[in-house]
J.: 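I am attaching a structure below and will ask some questions about it afterwards.
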Amino acid sequence: MEEIELIGIDEKIYYYKTSSGLRIYMWVNKNVKSMESCLCVKYGSIHTKFKVGKKTYEVPNGIAHFLEHVKFNVSDGVTAHDIFYKLGADSNAFTTFEYTNYYCFTTENKDKVVCELLNFVYNPFFTKKLIEKEKGIIVEEAKMGIDNSNTLMYFNSLKSALVKSKYRNTITGTPDDVLKISLDDVCLVYDTFYHPENMFMVVTGSFNPYEIANVVEENLNEKEFLEYKNPLVIMNQEPKKVAKKYSEDAINIGSTCVKMFIKMDLKRFKDYNLLELSYITDIIFAINIGKTSEFREKLINDGVVTTLGFDVNYYGDVFSVIISANTNFKNEFIKRINDKLNNLYVDEIDFLRKKNANLATYILEYEDIDNISLKIQDNIINFNKLITNEKEIIEKLSIDDANRVLELFDFSNISVNVFKPKKNQD
């Protein structure tokens, strides 16, 4: 067992690697009674093309999410939910672009809950009947996603900005994608990726880390795992330019929404890691168009927008800022935002204030077992390790860093997406 100190915040993560290759990260909080345990597999919606040895495979979009659903079936007529309910625990799962997470919350029977989490995820119960039954359920979920305005706007914006990237595709896949999934596809993905060496466990809350590590080790020792196939995921090379510079769609929303997707090459920022770049970019845009900015206040006071926000993210080698606003004056809003992007600034006082706000948020996260679980997961997925010096990283950010990143910003590739209420489409 290794105790990993988190620098500057008097916290530590317990780390243990089982003999089967599963890595376990544990954070103890004695102020709560509950425990959250997550078993994560490094397989998400974008991993549809991969190579094992000399053979290349391609599976339908949406299969990661499909597998997440069917995995909850333990045997005919019995689901993992049934088992956890009897133990007084809640269980669920989610799939992202990059990974799948199976998780449980409980205040009792903690050892048994961890064992059952391992038992059902590592139980390859798949039948043709089960696959066909699940298709109908997931097709309906995919249709609901298409009808959800927020989901529709998000993925339409991605499709307008991204040309070849797998991030263009919805996590559920389209109904047609789901119908293409076969039992062979499910078994191929499970056998290739659902191996302890391609997975990790995160446990947060009230528990004894040595006891949990021992429970996991003993449980996995009773299971047989084939040799890890070490698959190579194949990703598409994404062009620098956007797919569409401008698009308009009529959807089921109450007022017009504009989303501007700023697409930048991540390689431009090679002097900064993802964490530093994300913090700096967030601070720059918070100062210029954030909730307390003069620019946002004027747009609202002038009646140009009713809401304005932004989101910093990255999609493979694409670094992005998505600016969103509700407005009845799209042309005026787009003009003012473009003018603002050409005149971004950072001053010492505002920079320091925003940096301190980020620092306070980071420290306060260690009061919530769910937040810390997600933070650990993000670390492992994005960096393949724990970031132990995040407080130092935030503290060392300077106005010079902000100005340097400002110089590196490239606003030549922007996709503007206008979403209008259906009743106004004529």
J.: Specify the closest pair of heavy atoms between S293 and I287, including all atoms of both residues, with the distance to one decimal.
T.: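 Smallest heavy-atom distance, with atoms named: CB-O, 3.4 Å.
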J.: With a 4.0 Å cut-off, would you call E116 and K112 a salt bridge?
T.: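 Salt bridge flag = no for K112 with E116.
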J.: Is the number of heavy atoms from other residues, nucleotides or ligands under 6.0 Å of F411 CZ greater than 12?
T.: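 Counting neighbours around CZ of F411, more than 12 heavy atoms of other residues, nucleotides or ligands fall under 6.0 Å, so yes.
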J.: Taking the side chain as every heavy atom from C-beta outward, state whether F193 and M199 have any atom pair closer than 4.5 Å.
T.: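 In short, these two side chains do not touch, never coming nearer than 4.5 Å.
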J.: Have D410 and S412 got a donor and an acceptor in their side chains that come within less than 3.5 Å?
T.: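 Yes, side-chain donor-acceptor contact under 3.5 Å.
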J.: How long is the straight-line distance from CD1 of I262 back to CZ of F319, given to the nearest 0.5 Å?
T.: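 Between atom CZ of F319 and atom CD1 of I262 there are 10.0 Å.
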J.: Do we see a donor-acceptor contact under 3.5 Å between the side chains of S373 and Q377?
T.: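 Yes - a donor-acceptor pair under 3.5 Å links their side chains.
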J.: Apply salt bridge (Lys or Arg N to Asp or Glu O under 4.0 Å) to residues E390 and K375 and explain how you reach the verdict.
T.: CA-CA 11 Å; E390 187 165 346; K375 178 178 283 291; 3.3 Å; yes
J.: Can you find a pair of side-chain heavy atoms, one from I363 and one from T361, that are under 4.5 Å apart?
T.: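 Heavy-atom side-chain distance check fails, nothing below 4.5 Å.
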J.: Can you find a pair of side-chain heavy atoms, one from T192 and one from Y43, that are under 4.5 Å apart?
T.: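 A side-chain contact is absent here, since even the closest heavy-atom pair is not under 4.5 Å.
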J.: With a sphere of 6.0 Å drawn around CG of L364, does it hold more than 12 non-hydrogen atoms of other residues, nucleotides or ligands?
T.: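 Yes, CG of L364 has more than 12 neighbouring heavy atoms, counting only those of other groups under 6.0 Å.
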J.: So which heavy atom on L275 is nearest to which on F383, and how close?
T.: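 Nearest heavy atoms, L275 then F383: N-CZ, 4.0 Å.
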J.: Between K354 and T292, is any side-chain donor less than 3.5 angstrom from a side-chain acceptor?
T.: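 K354 vs T292: donor-acceptor pair found between side chains.
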J.: Could you pull out the closest heavy-atom pair between E98 and H47, with the gap in Å?
T.: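 In this case the closest contact between E98 and H47 is O-CE1, 3.2 Å.
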J.: Is there side-chain contact between E108 and L87, with at least one heavy-atom pair below 4.5 Å?
T.: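 Not touching, per the 4.5 Å side-chain cut-off.
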J.: Step through the shown structure and confirm whether more than 12 heavy atoms of other residues, nucleotides or ligands are within 6.0 Å of NZ on K135.
T.: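 Buried by this count: over 12 neighbours within 6.0 Å.
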J.: Pairing donors with acceptors under 3.5 angstrom, does anything connect the side chains of D82 and T79?
T.: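 Note: D82 and T79 side chains meet the donor-acceptor criterion.
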J.: Restricting to non-hydrogen atoms, name the atom on A142 and the atom on G173 that form the minimum distance, rounded to 0.1 Å.
T.: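 Here A142 and G173 meet closest at CB-O, 3.5 Å.
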J.: State whether the side chain of E58 and the backbone N or O of T48 hold a donor-acceptor pair below 3.5 Å, judged by distance alone.
T.: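 No; judged by distance alone, with no hydrogens or angles, the pair does not exist.
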J.: Any heavy-atom pair between the side chains of T18 and M201 that's under 4.5 Å?
T.: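 M201 vs T18: side chains apart.
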J.: Taking atom NZ of K240 as the centre, report whether more than 12 heavy atoms of other residues, nucleotides or ligands fall under 6.0 Å from it.
T.: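 12 or below, so no.
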J.: Tell me whether D368 contacts the main-chain N or O of E365 through its side chain, where contact means a donor paired with an acceptor under 3.5 Å.
T.: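 No, D368 side chain to E365 backbone: no donor-acceptor pair under 3.5 Å.
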J.: Drop me the distance from I9's CD1 to E392's CD, to the nearest 0.5 angstrom.
T.: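 Answer rounded to 0.5 Å: 11.0 Å.
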J.: For N326 and T306, test the side chains for any donor-to-acceptor distance below 3.5 angstrom and give the result as yes or no.
T.: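 Distance-only check fails for N326 and T306.
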J.: Could you report the tightest heavy-atom contact between A213 and I24, atom names first, then the distance?
T.: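 For A213 and I24, the tightest heavy-atom pair comes out as CA-CD1, 4.4 Å.
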J.: Please check if atom CD in E3 has more than 12 non-hydrogen atoms from other residues, nucleotides or ligands closer than 6.0 Å.
T.: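 Check passes, neighbour count above 12.
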J.: Quick one: do the Y122 and N219 side chains pair a donor with an acceptor below 3.5 Å?
T.: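 No donor-acceptor contact under 3.5 Å links the two side chains.
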J.: Would Y57 and F50 count as a close aromatic pair, with their ring centres under 6.0 Å?
T.: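 Yes: the rings meet the under 6.0 Å criterion.
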J.: Between the side chains of Y272 and D401, is a donor N or O closer than 3.5 angstrom to an acceptor N or O?
T.: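 Distance-only check passes for Y272 and D401.
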J.: Atom CD of residue position E224 - does it have more than 12 heavy atoms of other residues, nucleotides or ligands inside 6.0 Å?
T.: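 Atom CD in E224 is not crowded, with 12 or fewer foreign heavy atoms closer than 6.0 Å.
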J.: Using only heavy-atom distances, determine whether the side chains of N384 and K42 contain a donor-acceptor pair under 3.5 Å.
T.: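 Side chains of N384 and K42: pair found under 3.5 Å.
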J.: C38 and N101: which non-hydrogen atoms are nearest, and at how many Å?
T.: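 In this case the closest contact between C38 and N101 is CB-OD1, 3.5 Å.
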J.: Which atom pairs, one a donor and one an acceptor, fall under 3.5 Å between side chains of residues 242-251 and the rest of the protein, sequence neighbours left out?
T.:
| unit_1 | atom_1 | unit_2 | atom_2 | d |
| --- | --- | --- | --- | --- |
| Y246 | OH | E248 | OE2 | 2.5 |
| Y246 | OH | K330 | NZ | 3.4 |
| S247 | OG | N417 | OD1 | 3.0 |
| E248 | OE1 | K420 | NZ | 3.1 |
| E248 | OE2 | K330 | NZ | 3.4 |

J.: Could you check whether any side-chain heavy atom of Y194 comes within less than 4.5 Å of a side-chain heavy atom of L67, counting everything from C-beta outward?
T.: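 They are in side-chain contact.
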J.: Can you confirm whether L39 sits close enough to L118 that some side-chain heavy atom of one is under 4.5 Å from a side-chain heavy atom of the other?
T.: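 Of all side-chain heavy-atom pairs linking L118 with L39, at least one is under 4.5 Å.
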J.: Side chains of E217 and Y16 only: does a donor on one sit below 3.5 Å from an acceptor on the other?
T.: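 Side-chain D/A pair, E217 to Y16: present.
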J.: Count the heavy atoms of every other residue, nucleotide or ligand shown that sit under 6.0 Å from CE of M1, and state whether that count exceeds 12.
T.: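 Result for CE/M1: enclosed.
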J.: Using distance alone, with no hydrogens and no angle criterion, decide if E68 and T100 have a side-chain donor and acceptor under 3.5 Å apart.
T.: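 There is no such pair between these side chains.
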J.: Salt bridge between R353 and D350, side-chain N to carboxylate O under 4.0 Å?
T.: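 Salt bridge flag = yes for D350 with R353.
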J.: Within a strict 4.5 Å, meaning less than it, do heavy atoms of the I380 and R23 side chains meet?
T.: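 Side-chain contact under 4.5 Å: yes.
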J.: Could you tell me if S324 and D311 have a donor-acceptor pair between their side chains, going purely by distance under 3.5 Å?
T.: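 No, S324 and D311 have no side-chain donor paired with an acceptor closer than 3.5 Å.
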J.: What do you reckon, is NZ of K223 surrounded by more than 12 foreign heavy atoms closer than 6.0 Å?
T.: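 Check passes, neighbour count above 12.
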J.: Under a 3.5 Å threshold, yes or no: a donor from one side chain and an acceptor from the other, between D177 and T174?
T.: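 Yes, a side-chain donor-acceptor pair sits under 3.5 Å.
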J.: So, applying ring pair (Phe, Tyr, Trp, His ring centres under 6.0 Å) with Y167, which one of F261, Y315, Y154, F155 is it?
T.: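 The ring pair (Phe, Tyr, Trp, His ring centres under 6.0 Å) with Y167 is passed solely by Y315 among F261, Y315, Y154, F155.
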J.: Quick one: which residue pairs count as a ring pair (Phe, Tyr, Trp, His ring centres under 6.0 Å) with a foot in residues 355-375, not counting sequence neighbours?
T.: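 Non-adjacent pairs meeting ring pair (Phe, Tyr, Trp, His ring centres under 6.0 Å): W27-Y366, Y362-Y366.
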J.: Can you tell me how the ring of Y228 sits relative to the ring of H195, calling it parallel under 30°, perpendicular over 60° and tilted otherwise?
T.: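 It falls in the tilted class, 30° to 60°.
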J.: Hey, are S320 and K263 close enough side-chain-wise for a donor-acceptor pair under 3.5 Å?
T.: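 Checked: K263/S320 side chains show no N/O donor-acceptor pair below 3.5 Å.
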